[in-house]
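Structure first, commentary second.
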Amino acid sequence: MGLEVREARIDEWQQYKSLRLAMLSDAPRAFGHALDEVRAQPDKWWQVRTSSQLMPDSGWFVVADDDEWFGQMLTRSYGERAYLLEVYLSPTLRGSGWANQLLAEAEQWASARGHRRLWLDVNEQQVAARRFYEREGFVATGERQPHELFPEDYELEMVKEVRSS
């Protein structure tokens, strides 16, 4: 079977683990964990983390084949706001339209839950990611905060109007 965009499943903690380690190796300043810290976590930690990301307040979409994940986008409601979290696409798939498909699923999820906007924070050093978000209609709000692990970097807040489903 080829690649598809679909919802993540509870039994896919090993696929999540593999992708998360790849994410942190590829873009260590883009996410809120250090690679060595995450690599040392036991299987139970991965199982619990996977389960927590599949709660009713979240939509977790992946680019996957039968055995492996190549990208993901998590959407989570925090009160009145819906956020994109842990957005990642394997370098071999960037520019191929898969990120657009993930975003369409995330927007549909948010719209179906009554959210009119999608929010995100992106590391200012992640220029390609910022350009993607800007092409997709996200605009900077002017808010920024120091990165949790790299205080010399800043996380920029962006928002966009959600396309109605």
Side-chain angles (χ1 to χ4, degrees), residues 3-10 12-13 15-17 19-20 22-24 26-33 38 48-64 69-151 153-165:
L3 294 179
E4 64 177 335
V5 172
R6 62 170 174 75
E7 289 189 75
R9 296 187 290 258
I10 191 115
E12 295 182 302
W13 65 271
Q15 288 87 339
Y16 173 54
K17 176 181 178 180
L19 183 66
R20 183 72 175 173
M23 291 164 61
L24 292 169
D26 181 40
R29 300 178 97 80
F31 305 101
H33 287 106
V38 172
V48 168
R49 189 165 169 93
T50 300
S51 179
S52 74
Q53 297 196 157
L54 289 166
M55 299 300 281
D57 66 349
S58 301
W60 193 8
F61 305 98
V62 297
V63 176
W69 290 5
F70 297 90
Q72 69 170 20
M73 190 174 288
L74 178 69
T75 307
R76 178 163 277 166
S77 292
Y78 290 97
E80 298 297 315
R81 289 187 175 187
Y83 280 88
L84 289 184
L85 306 166
E86 297 194 23
V87 176
Y88 182 77
L89 192 62
S90 172
T92 59
L93 295 181
R94 292 178 190 157
S96 63
W98 289 105
N100 306 80
Q101 290 182 52
L102 285 168
L103 183 57
E105 291 291 330
E107 285 191 58
Q108 184 176 4
W109 182 92
S111 177
R113 281 146 189 84
H115 294 288
R116 296 180 333 135
R117 292 179 188 87
L118 249 149
W119 302 79
L120 62 84
D121 293 317
V122 61
N123 187 302
E124 66 184 358
Q125 302 299 322
Q126 299 298 120
V127 176
R130 287 180 33 219
R131 286 186 182 141
F132 167 74
Y133 295 132
E134 289 167 353
R135 282 193 307 272
E136 291 300 313
F138 284 88
V139 294
T141 67
E143 296 293 321
R144 58 193 283 244
Q145 61 187 3
H147 189 284
E148 187 176 325
L149 297 177
F150 304 98
D153 287 3
Y154 282 84
E155 296 284 310
L156 307 177
E157 183 182 72
M158 300 182 84
V159 64
K160 80 167 286 191
E161 297 292 321
V162 171
R163 293 174 247 191
S164 298
S165 53

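For the single chain, residues carry numbers from 1 onward in sequence order.
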What distance do [X] atom [atom1] and [Y] atom [atom2] have between them, rounded to the nearest 0.5 Å?
X	Y	atom1	atom2	answer
His115	Glu161	NE2	CD	13.5 Å
Arg29	Asp153	CZ	CG	4.0 Å
Tyr133	Gln126	OH	CD	9.0 Å
Ser58	Tyr78	OG	OH	7.0 Å
Arg144	Glu155	CZ	CD	10.5 Å
Tyr154	Glu143	OH	CD	12.5 Å

Do [X] and [Y] come close enough that some side-chain heavy atom pair is under 4.5 Å?
X	Y	result
Met23	Glu86	yes
Phe138	Leu118	yes
Leu120	Val87	no
Arg20	His33	yes
Arg9	Gln15	no
Leu19	Val62	no
Tyr16	Gln53	yes
Arg6	Glu105	no

Exercise. Ignoring hydrogens and geometry, is there a side-chain-to-backbone donor-acceptor pair from Arg94 to Leu89 under 3.5 Å?
Worked result: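 Checked: pair present.
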Nearest non-hydrogen partners of [X] and [Y], listed with the distance:
X	Y	result
Pro56	Trp109	O-CZ2, 4.2 Å
Met55	Ser52	CG-O, 3.0 Å
Pro151	Pro146	O-CB, 3.8 Å
Leu54	Ala8	CD2-O, 3.6 Å

For this session: Give the intermediate values and the outcome of side chain to side chain contact (heavy atoms under 4.5 Å, CB included) for residues Glu134 and Met158.
Result: CA-CA 9 Å; Glu134 289 167 353; Met158 300 182 84; 3.7 Å; yes
For this session: State which residue, out of Trp60, Tyr88, Phe61, Trp13, fulfils the ring-ring contact (aromatic ring centres under 6.0 Å, His included) condition with Trp69.
Result: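 Of the listed options, the one satisfying the test is Trp60.
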Problem set entry | Matching residue for Leu84 among Asp121, Leu74, Leu103 - test: side chain to side chain contact (heavy atoms under 4.5 Å, CB included) |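 Considering Asp121, Leu74, Leu103, a side chain to side chain contact (heavy atoms under 4.5 Å, CB included) with Leu84 is found only for Leu103.
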Exercise. Do Trp119 and Glu157 have a side chain donor and acceptor closer than 3.5 Å?
Worked result: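 On atom types as modelled, these side chains do not qualify, holding no pair under 3.5 Å.
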Exercise. Taking everything shown except Arg116 itself, do over 12 heavy atoms lie less than 6.0 Å from its CZ?
Worked result: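 It does not: Arg116 CZ has 12 such atoms or fewer within range.
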Problem set entry | Stepwise side chain to side chain contact (heavy atoms under 4.5 Å, CB included) check, Phe31 with Leu149 | CA-CA 9 Å; Phe31 305 101; Leu149 297 177; over 6 Å; no
